[in-house]
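As the structure lists them, so they are numbered: ligands from 1, and atoms in each ligand from 1. Because the structure is predicted, anything quoted here is derived from the model rather than measured.
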Amino acid sequence: MARTVVITGFMGCGKSKVARALAASLNLAMVDLDESITARTGRTPAQLINEDGERAFRIVESETLRDVLHSRVAGVVALGGGAWIEAANREVINEYGCASVWLDVPFEVCWSRIETAGEDRPLGKTRDQAFALYERRRPVYELANIHVSVSGREALDDLVATIKACI
Ligand code: S3P
């Protein structure tokens, strides 16, 4: 499997966890885009959004994504929840011939994880704000090559096996 796999989906859908497990099972390196952004800028995505605004964050996010894909170090990339929403990022992902996987998780499952994670998610501060974003983004996540419906109750190994069967 030579194609880089990118994992997308809403905040709290489990992108990083699934990407890490998938990469381990394929014996490939995994890169978490949000962590790469933090390493590059010295600030977390939440800090960048809070301090510089979402547009400025998206520029850094796109640059980081391009560099990650260009370096070809990662077999599996966990995107941030908004990275796939930017058309330019989807183009880059397609240019690099990646397989894109959407983890389609019900809003309530995402929201309960967002609420309990205690992480700063400036674009998902309230349930209403997060739900509006979830609904707005769904048609764009649908553009991913591979659609994996996740209830949130599956064993991680089963999810990995499902994705491996599709890529
Ligand atoms: C964002 C999701 C976050 C992070 C940033 C913006 C979004 O990542 O990139 O806060 O626009 O949905 P997670 O999806 O890992 O929470």
Side-chain angles (χ1 to χ4, degrees), residues 4-24 29-69 74-93 98-144 146-152 156 159-160 163:
T4 300
V5 180
V6 302
I7 309 284
T8 186
F10 198 67
M11 291 175 257
C13 76
K15 296 178 290 292
S16 303
K17 197 170 155 187
V18 169
R20 202 168 294 113
L22 176 66
M30 177 271 195
V31 167
D32 182 301
L33 187 62
D34 284 348
E35 284 174 11
S36 298
I37 291 167
T38 305
R40 183 187 186 107
T41 63
R43 289 186 288 168
T44 63
Q47 284 171 323
L48 288 164
I49 294 170
N50 289 331
E51 292 164 11
D52 299 351
E54 185 182 349
R55 274 331 309 164
F57 164 68
R58 295 296 172 206
I59 291 168
V60 177
E61 182 179 51
S62 295
E63 287 168 359
T64 310
L65 174 64
R66 189 176 277 280
D67 288 355
V68 166
L69 295 181
V76 183
V77 179
L79 300 178
W84 176 259
I85 304 306
E86 300 292 309
N89 293 344
R90 296 196 300 280
E91 271 164 36
V92 169
I93 287 165
C98 304
S100 48
V101 177
W102 171 32
L103 299 182
D104 180 11
V105 176
F107 175 73
E108 290 308 333
V109 176
C110 294
W111 177 245
S112 75
R113 291 177 183 164
I114 293 169
E115 259 193 317
T116 52
E119 279 168 40
D120 185 12
R121 281 173 158 125
L123 303 180
K125 282 211 178 302
T126 66
R127 191 186 183 287
D128 285 356
Q129 182 194 26
F131 184 66
L133 200 56
Y134 180 94
E135 291 284 283
R136 194 162 354 116
R137 285 179 173 179
R138 272 190 77 82
V140 188
Y141 291 133
E142 267 167 19
L143 301 173
I146 298 159
H147 177 180
V148 182
S149 288
V150 184
S151 70
L156 188 55
L159 265 182
V160 167
I163 296 171

Trainee: Can you name the residues that come within less than 4.0 Å of ligand 1, going by heavy atoms only?
Mentor: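 Those residues closer than 4.0 Å to ligand 1 by some heavy atom are Met11, Lys15, Asp34, Pro45, Ile49, Phe57, Arg58, Gly80, Gly81, Gly82, Arg121, Leu123, Arg137.
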
Trainee: In chain order, what residues pass the side-chain contact (heavy atoms from CB on, under 4.5 Å) check against Ser112, with sequence neighbours excluded?
Mentor: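 Once residues adjacent in sequence are excluded, Ser112 has no partner under the side-chain contact (heavy atoms from CB on, under 4.5 Å) criterion.
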
Trainee: Does this structure show an ion pair linking Lys15 with Glu35, if we count only N-O contacts that are shorter than 4.0 Å?
Mentor: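 A salt bridge is absent here (no side-chain N lies under 4.0 Å from a carboxylate O).
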
Trainee: Within the supplied structure, the quantity of interest is the number of heavy atoms (other residues, nucleotides, ligands) at a distance under 6.0 Å from Arg137 CZ; does it exceed 12?
Mentor: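 More than 12 heavy atoms, drawn from other residues, nucleotides or ligands, come within 6.0 Å of this atom.
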
Trainee: Would you say the side-chain atoms of Gln47 pair up with the backbone N or O of Thr44, donor to acceptor, closer than 3.5 Å?
Mentor: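 Yes, the answer is positive, given that a donor and an acceptor are paired below the 3.5 Å cut-off.
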
Trainee: Among all residues two or more places apart in sequence or in another chain, which pass the side-chain contact (heavy atoms from CB on, under 4.5 Å) test with Pro106?
Mentor: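 side-chain contact (heavy atoms from CB on, under 4.5 Å) check on Pro106 returns Val109.
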
Trainee: Looking at residues at least two apart in the chain, or sitting in another chain, which of them share a side-chain contact (heavy atoms from CB on, under 4.5 Å) with Ala144?
Mentor: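 Partners of Ala144 by the side-chain contact (heavy atoms from CB on, under 4.5 Å) criterion, ordered by chain and then number, come out as Thr8, Trp84, Ser100, Trp102.
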
